[in-house]
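First comes the structure, then the notes that go with it.
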Number of protein chains: 2
Amino acid sequence: MIQTHAVRLFTERGYDATTVTDVAEAAGVSPMTVYRHFPTKEDLVLVDQHGRLVAERIVASSAAQPLVRRIGGALIDSAATLTGGDDLTAGKQFLLARLRLMISTPALRAKHLDNHYALQQAIVDALGDDAADPDSAFRAQVAASACLAALHTALVRWAEDDGRTELPGLIAKALAAAFGDDIGEDLR
Amino acid sequence: MIQTHAVRLFTERGYDATTVTDVAEAAGVSPMTVYRHFPTKEDLVLVDQHGRLVAERIVASSAAQPLVRRIGGALIDSAATLTGGDDLTAGKQFLLARLRLMISTPALRAKHLDNHYALQQAIVDALGDDAADPDSAFRAQVAASACLAALHTALVRWAEDDGRTELPGLIAKALAAAFGDDIGEDLR
DNA sequence: ACCGATTTGGTAGTAACTATCACTGCGGTA
DNA sequence: TACCGCAGTGATAGTTACTACCAAATCGGT
């Protein structure tokens, strides 16, 4: 509930022009309570379940597939879950509002990209490749970071489109553009 | 000079444990002067010429090559320029110290990644592809973001290695891991 | 020697946090 | 029913990054 009020206020008045106290008042709680649930102001926008979702699908994926396909598949699946179902849902609009804030507000954009970096580490761990071989670990890091970069580009495009395009398809298109159509096609 | 003192203090005492006032005192100037040259505390570590260097090499590259090769070549060239010449130079050590801070400090890491995002836009602009075609623009964004992700992974590896490996080679290896050996090999 | 422009410095203020302590409501137990 | 522990909430005071505004100094050129 606090997050809902926060995103609404940030969208209406702007992120920097809205203080944490404003959010607290709108939600009918004290500033302290806000800080207890959201360690930083940025987290009011950034907190979600995406990372957990992706990591779960990575571990569930077959280790026989190439790295990029395992990661890409997890990203597309997670996106399908998040945006899935009927159109024009409140959840989808909320996701779009948060995404727009993340893209346009420097502080949010920076921390969001840093979250992607943390997600990258989670993905590499979830891949379960032997960390003994530094070369294999390096390839996993590269694959994860490149996939997430493609994901981010797709997310930006999706937000620019106001969510009209299907997000999973966009991500597949981005992956195809990055790694060649042979990888991306199958994922669509 | 201010930046040198800042990086030294941040490395010695830690980023969060060092105030801007501490940096100002060490450099023998007032806090105001620090803020005038470096808009934010993070910029004390992050400011450099890398973005300009990369953008210049992108515009100088041949538009006939595939996107990833144009961008990758520019990244490798720039890295060669920055780390180039003799080993153990003060400049290289300084770069390493800054990089270590960027990787280990959350606030710096976040803003650094955001700088990469800005660099991505600069690269796309420098590519000079027709922005009229949204599909072509999308592919340029994807290529740029993925290349920068690979670059970042290479930089992390380079820092973990204390700069012993040749950076341009590492970047080429990362690009090869992401986009296939056929792209990366030629760049080495 | 002078003057315009750039650089530097001081003061006061805002807002994001943090540490610490006190209070309130709630379920389970004797 | 009285009690206990505990999670959630709140108030106060302090630190620090950063900004707006104005004053002083310093520097290069005529």
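The analysis underlying the following values was restricted to heavy atoms, covering all of them including side chains, and did not include hydrogens, waters or symmetry mates. All chains are named by letter (A, B, ...) in the order of the sequence lines, taking the proteins before the strands, and each is independently numbered beginning at 1.
On the nucleic acid side, DNA chain D contacts chain A at distances under 4.0 Å to non-hydrogen atoms, with the end points of that region at D:dT9 to D:dT12.
The side chain to side chain contact (heavy atoms under 4.5 Å, CB included) test applied to B:A144 returns B:I71, B:Q120, B:I123, B:V124, not counting sequence neighbours. Considering only residues two or more places apart in sequence or on other chains, B:L99 meets the side chain to side chain contact (heavy atoms under 4.5 Å, CB included) condition with B:M102, B:I103, B:L155, B:W158, B:A159. Residues passing the ring-ring contact (aromatic ring centres under 6.0 Å, His included) test with B:Y15, sequence neighbours excluded: B:F10. Residues that satisfy the side chain to side chain contact (heavy atoms under 4.5 Å, CB included) test with A:P106, not counting sequence neighbours, are A:R109. Not counting sequence neighbours, the partners of B:H116 by the ring-ring contact (aromatic ring centres under 6.0 Å, His included) test are B:H112, B:H152.
A distance-only check finds a donor-acceptor pair linking the side chain of A:T153 to the backbone of A:A149 [under 3.5 Å].
Sequence neighbours left out, not one pair with a member in residues 22-81 of chain A passes ring-ring contact (aromatic ring centres under 6.0 Å, His included). Applying the salt bridge (charged side-chain N to carboxylate O under 4.0 Å, His left out) definition to pairs two or more places apart or across chains, those involving residues 19-33 of chain B are B:R13-B:D22. Within the structure, the salt bridge (charged side-chain N to carboxylate O under 4.0 Å, His left out) test picks out the following pairs touching residues 26-45 of chain A (sequence neighbours left out): A:E42-A:K111. Residues in residues 95-107 of chain A take part in these salt bridge (charged side-chain N to carboxylate O under 4.0 Å, His left out) pairs, two or more places apart or across chains: A:D48-A:R98, A:R100-A:D162.
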Where protein sits on nucleotides 11-21 of chain C, one letter per nucleotide: B base, S sugar-phosphate only, - none, heavy atoms under 4.0 Å: B----SB-B--
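Between B:S30 and C:dG9, a side-chain N or O to OP1/OP2 separation shorter than 4.0 Å is present.
Remark: nothing in residues 98-118 of chain B comes within less than 4.0 Å of DNA chain D through any heavy atom.
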